[in-house]
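Data first, discussion second: the structure below is written as structure tokens.
Below, each value reflects all heavy atoms present in this structure, side chains not excepted, and no hydrogens, waters or symmetry copies.
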Amino acid sequence: MLKKFKNKKKRQSKRSIACKLITHLDSNTIVSEQFRTLRTNINFSMPDQELKTILFTSATPGEGKSTISANTATVFAQQGKKVLLIDADMRKPTTHYTFNCQNTKGLSTLLSRQYEVNNVIQKTSIRNLDLITSGPIPPNPAELLGSKLMDQLIEQLSSQYDMLLFDAPPVLSVTDAQILSHKCQGTILVLNARKTEKESVLKAKSSLHSSQANIIGTVLNNFVVQNTYHYYR
């Protein structure tokens with residue numbers, strides 16, 4: 001009985017970690033429309049070149065970067081782009097919960113040369129959207145992300161997909177996002193309107209600039225707008 005209760009609690013915990021793919025579940029909501037606006041803003045952020053590699057990160061944990069990256073990947077796929085979402089958070093990964101995928105192999109096993117790239121790419125239920133999960137948590141995520149193999153991987157995948165979207169760890173927690181932001185064409189910093197402190201944002205911005213990241217914009221998450229009729233986030 002106790003074991004059954006623990007398993008139920010574990011399943012509930014996983015469901016709470018999983019991000020909501022509102023853009024897939026209900027594309028007619030105001031929130032989904034905001035993600036389409038974000039897609040448009042990204043498209044216009046660098047008009048002189050094709051933007052193919054985008055990193056999503058945050059200043060601190062719990063600001064919603066994984067939710068934002070998963071839904072942004074979805075709206076680009078809905079537009080007809082061939083998109084690959086890569087869970088580069090090899091410390092606290094979540095995308096395998098969101099897309100209900102296995103995580104026995106992924107980015108970590110790919111960068112440690114245990115598998116070839118075609119063996120770790122997973123199809124999702126969303127047309128045009130593929131996924132590489134984080135894989136088992138390695139002892140050296142920063143070293144793997146900073147390796148020459150990671151550079152080769154980005155180059156190879158860029159030739160196969162229209163867009164690569166990376167979900168990276170928070171900037172102020174570890175160096176992973178700084179390392180990867182230097183390799184991506186654009187970086188988006190996700191902020192939580194109810195949580196993020198101004199000092200943390202400034203520190204995150206400074207850290208990203210020190211790694212020569214190209215910050216193309218920010219996303220303010222959980223911002224509530226109220227009027228006489230409705231509110232939305």
Side-chain angles (χ1 to χ4, degrees), residues 13-22 34-35 38 41-42 45 53-74 84-99 103 106-108 111 131-147 150 153-154 164-223 233:
S13 176
K14 286 182 178 181
R15 283 197 294 268
S16 67
I17 291 173
C19 307
K20 292 182 179 179
L21 282 176
I22 186 65
Q34 294 305 306
F35 276 106
L38 174 59
N41 291 341
I42 291 172
S45 63
T53 54
I54 303 175
L55 176 78
F56 287 84
T57 185
S58 59
T60 56
E63 299 193 53
K65 65 176 179 61
S66 296
T67 298
I68 299 299
S69 60
N71 280 281
T72 304
T74 300
L84 179 65
L85 177 62
I86 302 171
D87 192 344
D89 191 340
M90 293 185 283
R91 299 173 190 269
K92 292 184 178 180
T94 61
T95 57
H96 56 290
Y97 296 130
T98 301
F99 291 92
N103 194 34
L107 187 60
S108 62
L111 294 176
L131 172 69
I132 293 181
T133 63
S134 69
I137 296 174
N140 57 339
E143 286 76 10
L144 291 177
L145 292 174
S147 65
M150 186 69 203
L153 177 63
I154 292 176
L164 308 179
L165 274 60
F166 294 87
D167 178 12
V171 179
L172 301 183
S173 299
V174 289
T175 61
D176 302 19
Q178 287 178 265
I179 294 170
L180 195 52
S181 66
H182 181 67
K183 300 176 184 290
C184 292
Q185 293 173 295
T187 295
I188 293 177
L189 186 62
V190 178
L191 315 175
N192 191 326
R194 298 183 171 190
K195 179 180 178 181
T196 312
E197 297 180 355
K198 183 178 179 180
E199 184 180 353
S200 298
V201 177
L202 293 174
K203 285 182 179 179
K205 178 185 175 184
S206 177
S207 297
L208 289 169
H209 279 166
S210 68
S211 61
Q212 298 181 324
N214 176 29
I215 303 176
I216 61 174
T218 62
V219 173
L220 186 59
N221 194 26
N222 285 326
F223 180 69
R233 293 185 180 183

### Option from Asn221, Thr218, Thr196 for which side chain to side chain contact (heavy atoms under 4.5 Å, CB included) with Val190 holds
Asn221
### Message
Would you say that Phe35 contacts Thr74 through its side chain, given a criterion of any heavy-atom pair below 4.5 Å between the two side chains?
### Response
no
### Separation of Ser200 OG from Asn192 CG (nearest 0.5 Å)
11.5 Å
### Query
At their closest point, which heavy atom of Ile132 faces which heavy atom of Gly106, and how far apart are they?
CG2-C, 4.1 Å
### Message
Could you check whether any side-chain N or O of Gln178 sits under 3.5 Å from a backbone N or O of Thr175, counting only pairs where one atom can act as donor and the other as acceptor?
### Response
no
### Query
Quick one: CG on Leu189 to OG on Ser58, what's the gap to the nearest 0.5 Å?
7.0 Å
### Query
Would you say the side-chain atoms of Thr187 and Ser181 include a donor-acceptor pair closer than 3.5 Å?
no
#### Entry: Non-hydrogen atoms of Pro169 and Ala177 that approach each other most closely
O-CB, 3.4 Å
### Message
To the closest 0.5 Å, what do you measure between OG (Ser45) and CD (Gln185)?
### Response
9.5 Å
### Query
Atom CG in Asp89, atom CG in Asp176: separation rounded to 0.5 Å?
7.5 Å
#### Entry: Minimum side-chain heavy-atom gap Leu107-Met90 below 4.5 Å
yes
### Leu55 vs Ile188 side-chain heavy atoms within contact, under 4.5 Å
no
### Query
Quick one: are Asp167 and Lys65 in side-chain contact, heavy atoms under 4.5 Å?
yes
### Query
How long is the span from the OG atom in Ser147 to the CG atom in Leu153, to the nearest 0.5 Å?
8.5 Å
### Query
Do Ile86 and Leu165 touch side chain to side chain, with heavy atoms closer than 4.5 Å?
no
### Task
Check Asn103, Thr98, Thr95 against Asp87 for a side chain to side chain donor-acceptor pair (under 3.5 Å) and give me the one that passes.
Thr95
### Message
Could you measure the distance from the CD1 atom of Ile137 to the CZ atom of Arg91? Nearest 0.5 Å is fine.
### Response
9.5 Å
#### Entry: Minimum side-chain heavy-atom gap Met150-Leu144 below 4.5 Å
no
#### Entry: Heavy-atom pair with the smallest gap, counting every atom of Pro139 and Pro141
C-CD, 3.5 Å
### Query
For the residue pair Pro170 and Ala59, what are the closest heavy atoms and their distance?
CB-O, 3.7 Å
### Query
For atom NZ of Lys205, is the number of surrounding heavy atoms from other residues, nucleotides or ligands below 6.0 Å larger than 12?
no
### Query
Given the rule in the side chain to side chain contact (heavy atoms under 4.5 Å, CB included) test, do Asn71 and Leu21 qualify, once you have shown the distances and angles that lead to the verdict?
CA-CA 6 Å; Asn71 280 281; Leu21 282 176; 4.2 Å; yes
### Message
So for atom NZ, which belongs to Lys183, do other residues, nucleotides or ligands contribute more than 12 heavy atoms lying within a distance under 6.0 Å?
### Response
yes
### Message
Testing the basics here: between Leu172 and Ser207, what is the closest heavy-atom pair and its distance to 0.1 Å?
### Response
CD2-OG, 4.3 Å
### Query
Under 4.5 Å between any side-chain heavy atoms of Thr133 and Pro93, yes or no?
no
#### Entry: From Ile54, Thr57, Ile154, residue fulfilling side chain to side chain contact (heavy atoms under 4.5 Å, CB included) relative to Phe166
Ile154
